[in-house]
Student: 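One structure, pasted below without further comment.
Quantities reported herein were computed from a predicted structural model and do not represent experimental measurements.
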Amino acid sequence: SYKKVLKNHPTYEMVFNAKISKANIFALKEGSTKSIKRELVQMSKDMKNAEYLDQIFYSLALITYKDHDTTATLEYLEKSIENSTSNVMQKAQAYLKRGDVFFEKQNYVTAEMNYDSALAALPEDYPGYMKIKDKKKTLSELVLNLNTIHVEDSLQALSKMTDKEREKAIDKMIAYLEKEEQRKLEEQKVKE
């Protein structure tokens, strides 16, 4: 059906949506993804698609996810998030997918952060919203426990260091905390 739409010389927006929908369906099917990836990469380079880059990169992420290329999937999801300036739902879906990928990789801290970002933008009537919310809540509890363990381990390690080593480690921790605070401020700006 999407191929038929493309043959009828529709408006550019309809052409774009047909191509993206076709790519997203293709991500669910078996078979080679080379041609659809090539088409999407070409679309990402076309200036008339500048406002649609978030959707293009998201579709590329779905296809590379199907191909079990986690690295490329995460890169495309990051690009989708970066290029999503006005499409809040698209950004939320990219955060959600990124949360799923990190969850599968058992990186629960990063997964929890991504689910949190997704929930901030998703409407409560979004399909599966409560399931996502419950998963995020459970991960928050797990992350709290993991952080407690990490702090205890870090304190024990610090107590065994020399004064010079301890100062260096504390400086690294401060730099990390400042970077994390900056990230949270930027996320808060996005939510507003």
Side-chain angles (χ1 to χ4, degrees), residues 1-2 5 10-29 36-37 40 43-44 48-67 69-70 72-147 179-192:
S1 294
Y2 291 119
V5 167
T11 64
Y12 184 73
E13 190 170 329
M14 194 173 283
V15 168
F16 174 81
N17 286 316
K19 286 180 178 182
I20 289 295
S21 296
K22 186 176 79 170
N24 291 343
I25 290 170
F26 198 86
L28 301 173
K29 293 171 56 177
I36 198 74
K37 275 196 264 188
L40 288 168
M43 288 172 66
S44 73
K48 64 184 169 193
N49 291 326
E51 68 182 282
Y52 304 116
L53 286 174
D54 55 346
Q55 294 175 55
I56 294 169
F57 290 129
Y58 183 75
S59 293
L60 279 163
L62 294 179
I63 290 170
T64 55
Y65 180 77
K66 174 193 172 265
D67 290 342
D69 186 348
T70 306
T73 299
L74 291 172
E75 287 172 4
Y76 284 128
L77 288 170
E78 183 63 32
K79 287 180 179 182
S80 176
I81 291 166
E82 287 173 2
N83 285 283
S84 186
T85 55
S86 60
N87 191 343
V88 177
M89 184 60 81
Q90 179 63 52
K91 184 177 265 190
Q93 289 177 320
Y95 274 122
L96 184 59
K97 187 63 175 176
R98 202 164 72 166
D100 291 342
V101 171
F102 281 114
F103 186 84
E104 289 172 9
K105 293 178 67 151
Q106 298 180 350
N107 184 337
Y108 302 122
V109 174
T110 307
E112 189 267 343
M113 288 188 296
N114 281 279
Y115 288 130
D116 185 52
S117 296
L119 284 170
L122 289 174
E124 289 187 18
D125 63 348
Y126 182 81
Y129 181 87
M130 290 308 295
K131 187 176 180 181
I132 298 164
K133 189 174 180 177
D134 289 342
K135 190 176 205 177
K136 191 266 181 209
K137 182 181 176 191
T138 302
L139 281 174
S140 293
E141 293 170 11
L142 175 63
V143 167
L144 180 64
N145 291 330
L146 289 173
N147 287 339
K179 184 178 176 184
E180 197 58 26
E181 183 66 27
Q182 182 64 32
R183 182 193 65 78
K184 287 180 181 179
L185 287 172
E186 289 173 9
E187 266 189 27
Q188 188 63 28
K189 286 179 185 176
V190 170
K191 290 178 185 178
E192 295 172 352

Student: Please name all residues satisfying side-chain hydrogen bond (donor to acceptor under 3.5 Å, both in side chains) with Q93, sequence neighbours left out, ordered by chain then number.
Tutor: none
Student: Would you give me the side-chain donor-acceptor pairs under 3.5 Å for residues 130-137, sequence neighbours excluded?
Tutor:
from: K135; atom 1: NZ; to: Y115; atom 2: OH; distance (Å): 3.2
from: K136; atom 1: NZ; to: E112; atom 2: OE2; distance (Å): 3.1
from: K136; atom 1: NZ; to: S140; atom 2: OG; distance (Å): 2.9

Student: State whether E187 and K184 are salt-bridged, where the test is any N-O pair (Lys NZ or Arg NE/NH1/NH2 against Asp/Glu carboxylate O) under 4.0 Å.
Tutor: no
Student: With rounding to the nearest 0.5 angstrom, report the CG to OH distance, L146 to Y108.
Tutor: 9.0 Å
Student: If you round to the nearest 0.5 Å, how far is CG of D69 from CD1 of I63?
Tutor: 12.0 Å
Student: Is there side-chain contact between Y129 and L119, with at least one heavy-atom pair below 4.5 Å?
Tutor: yes
Student: For L144, check side-chain contact (heavy atoms from CB on, under 4.5 Å) against everything at least two apart and list the hits.
Tutor: none
Student: Going by side-chain contact (heavy atoms from CB on, under 4.5 Å), name the residues that satisfy it together with K48, two or more places apart in sequence or in a different chain.
Tutor: Y12, D46
Student: Are any of the side-chain heavy atoms of N145 and V143 separated by less than 4.5 Å?
Tutor: no
Student: Which residues satisfy the side-chain contact (heavy atoms from CB on, under 4.5 Å) test with E78, sequence neighbours excluded?
Tutor: E82, R98
Student: For Y65 and E104, does a side-chain donor sit closer than 3.5 Å to a side-chain acceptor?
Tutor: yes
Student: Does CD belonging to E124 count more than 12 external heavy atoms closer than 6.0 Å?
Tutor: no
Student: Rounded to the nearest 0.5 Å, how far does CG of N49 lie from CD of Q55?
Tutor: 9.5 Å
Student: As an exercise, state the distance from CG of L62 to CG of L77, rounded to the nearest 0.5 Å.
Tutor: 7.5 Å
Student: If every non-hydrogen atom of S44 is compared with every non-hydrogen atom of L53, which pair is closest and at what distance?
Tutor: O-CD2, 3.4 Å
Student: Where do D54 and S84 come nearest, in terms of heavy atoms and distance?
Tutor: OD2-OG, 3.3 Å
Student: First locate atom CG of D116, then atom OH of Y95, and finally report the distance between them rounded to the nearest 0.5 Å.
Tutor: 10.0 Å
Student: So do Y58 and K97 actually touch side chain to side chain, heavy atoms under 4.5 Å?
Tutor: yes
Student: Strictly distance-based, threshold 3.5 Å: is any side-chain N or O of K79 a donor or acceptor partner for the main-chain N or O of F57?
Tutor: no
Student: Does any part of the side chain of T64, heavy atoms only, come nearer than 4.5 Å to the side chain of E75, both counted from C-beta?
Tutor: no
Student: Can you see which heavy atom on A92 is nearest to which on A118, and at what distance?
Tutor: O-CB, 3.5 Å
Student: State which residues pass side-chain contact (heavy atoms from CB on, under 4.5 Å) with P123; sequence neighbours excluded, sorted by chain then number.
Tutor: M89, D125, Y126
Student: Heavy atoms only: give me the nearest A111-L139 pair and the separation to one decimal.
Tutor: CB-CD1, 4.2 Å
Student: Once rounded to the nearest 0.5 Å, what's the spacing between atom NZ of K105 and atom OG1 of T110?
Tutor: 9.5 Å
